[in-house]
Amino acid sequence: MSEQLYFRHMQEGDIPAVTAIEQAVFSRPWTEQSFVQALQQDTLFVVVLKDNTIIGYCGMYCSFEEGEITNVAVMPKEQGRGTGRQMMGYFLGQAQDKGISRIFLEVRTSNKNAIHLYEGLGFRNCGIRRNFYENPREDGMVMALVY
């Protein structure tokens with residue numbers, strides 16, 4: 001039996017929980033201040049909750065009808081359960097409602113699970129950025145989704 005997930009737009013009060021997930025998942029995590037600043041700009045950030053606890057989030061900067069996804073993360077103990085796919089489905093629906101018709105992101109070339117997720121959502125590889133990531137240094141795959 002799958003557990004009930006709840007999706008909503010990120011609020012400033014969510015930042016400490018989101019930052020904790022960011023630190024658990026990424027080698028170069030955003031700070032709380034980075035999230036505060038992002039929420040003050042033209043962005044779309046959503047969170048996913050289970051049992052009233054934030055277990056994932058994703059966000060993107062918006063410019064006219066384009067978006068650049070900056071963060072996608074699910075708490076490590078919650079990964080592999082379809083949470084990311086459900087969250088991204090909700091997120092992409094919110095992006096369409098906002099009038100976004102082209103979305104870009106970068107992903108580590110070694111992150112096969114994320115690449116598979118994004119491809120399943122319709123994203124396509126449109127190039128490689130050499131040495132894009134640090135800790136460890138690695139190429140980034142640029143992916144795009146066009147509606």
Side-chain angles (χ1 to χ4, degrees), residues 1-123 129 131-145 147:
M1 182 170 153
S2 69
E3 299 172 21
Q4 186 67 30
L5 299 177
Y6 174 70
F7 304 92
R8 65 168 169 74
H9 287 255
M10 186 186 297
Q11 302 162 3
E12 196 162 327
D14 300 332
I15 291 174
V18 164
T19 302
I21 297 169
E22 179 88 358
Q23 291 171 345
V25 172
F26 296 113
S27 63
R28 298 213 35 183
W30 280 26
T31 63
E32 286 192 16
Q33 187 60 33
S34 298
F35 284 105
V36 169
Q37 292 172 343
L39 290 180
Q40 295 169 351
Q41 298 179 43
D42 186 8
T43 55
L44 172 64
F45 277 80
V46 301
V47 293
V48 55
L49 297 94
K50 183 173 84 173
D51 299 326
N52 294 318
T53 300
I54 294 173
I55 61 167
Y57 63 94
C58 54
M60 119 180 123
Y61 284 100
C62 305
S63 180
F64 301 100
E65 68 280 347
E66 286 190 359
E68 180 185 352
I69 294 177
T70 56
N71 318 64
V72 178
V74 173
M75 205 181 276
K77 69 178 184 173
E78 299 291 338
Q79 292 177 4
R81 300 179 182 177
T83 302
R85 181 172 302 283
Q86 291 180 62
M87 177 178 66
M88 287 297 295
Y90 173 82
F91 179 78
L92 294 175
Q94 294 296 301
Q96 283 186 300
D97 290 349
K98 191 173 171 70
I100 303 294
S101 60
R102 288 185 303 276
I103 300 174
F104 299 91
L105 61 82
E106 289 94 14
V107 60
R108 287 180 181 270
T109 54
S110 65
N111 193 341
K112 302 303 183 201
N113 289 339
I115 292 168
H116 180 74
L117 168 65
Y118 299 139
E119 287 175 341
L121 293 166
F123 283 85
R129 290 193 174 154
N131 299 314
F132 183 76
Y133 290 98
E134 298 177 11
N135 299 335
R137 181 157 301 283
E138 185 174 350
D139 294 345
M141 178 187 295
V142 180
M143 300 186 82
L145 175 66
Y147 294 109

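Keep in mind that the numbers below use all heavy atoms, side chains included, and drop hydrogens, waters and symmetry copies.
Applying the side-chain contact (heavy atoms from CB on, under 4.5 Å) test to V25 and every residue at least two apart in sequence or in another chain returns I21, A73, P76, Q79. Under the side-chain hydrogen bond (donor to acceptor under 3.5 Å, both in side chains) criterion, E134 pairs with R28, not counting sequence neighbours. The side-chain contact (heavy atoms from CB on, under 4.5 Å) test applied to P16 returns E32, not counting sequence neighbours. Every side-chain hydrogen bond (donor to acceptor under 3.5 Å, both in side chains) that S34 has, sequence neighbours left out, goes to T31. Residues satisfying the side-chain hydrogen bond (donor to acceptor under 3.5 Å, both in side chains) test with S110, not counting sequence neighbours, are E138. Residues passing the side-chain hydrogen bond (donor to acceptor under 3.5 Å, both in side chains) test with D139 are R130, sequence neighbours excluded. Residues forming a side-chain contact (heavy atoms from CB on, under 4.5 Å) with A20 (at least two apart in sequence, or on another chain): none.
Contact check for C62 versus M60: side-chain heavy atoms found under the 4.5 Å cut-off. Considering only heavy atoms from C-beta on, N111 stays 4.5 Å or farther from M141 through its side chain. You'll find the side chain of V107 stays beyond 4.5 Å of the side chain of V72, heavy atoms only.
Residues in residues 57-80 take part in these salt bridge (charged side-chain N to carboxylate O under 4.0 Å, His left out) pairs, two or more places apart or across chains: K50-E78, E65-R102, E66-R102, E78-R81. Residue pairs meeting the ring-ring contact (aromatic ring centres under 6.0 Å, His included) criterion with at least one member in residues 32-86, sequence neighbours excluded, are W30-F35, F35-Y57.
Atom CD1 of I69 is separated from atom OH of Y118 by 6.5 Å, given to the nearest 0.5 angstrom. The NE2 atom of H116 sits 9.5 Å away from the CG atom of L121 when rounded to the nearest 0.5 Å. The distance from atom CE of M143 to atom CD1 of I103, rounded to the nearest 0.5 Å, is 12.5 Å. If you take CG on D51 and CD on Q4, they are separated by 10.0 Å, rounding to the nearest 0.5 Å. The distance from atom CZ of F26 to atom CG of N135, rounded to the nearest 0.5 Å, is 13.5 Å. Interatomic distance, R129 CZ to T109 OG1, rounded to the nearest 0.5 Å: 13.5 Å.
Considering every non-hydrogen atom in both S27 and R108, the closest pair reads OG-NH2, 3.4 Å. Among all heavy-atom pairs drawn from M87 and V46, the shortest one is CG-CG2, 4.4 Å.
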Show the atom names and distances, to 0.1 Å, of all donor-acceptor pairs under 3.5 Å that link a side chain in residues 88-100 to residues at least two apart or in another chain.
from, atom 1, to, atom 2, distance (Å)
Q94, OE1, H9, NE2, 2.8
K98, NZ, D42, OD1, 3.1

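Considering V47, T43, I54, L44 in turn, V47 is the only one that fulfils the side-chain contact (heavy atoms from CB on, under 4.5 Å) rule with M10.
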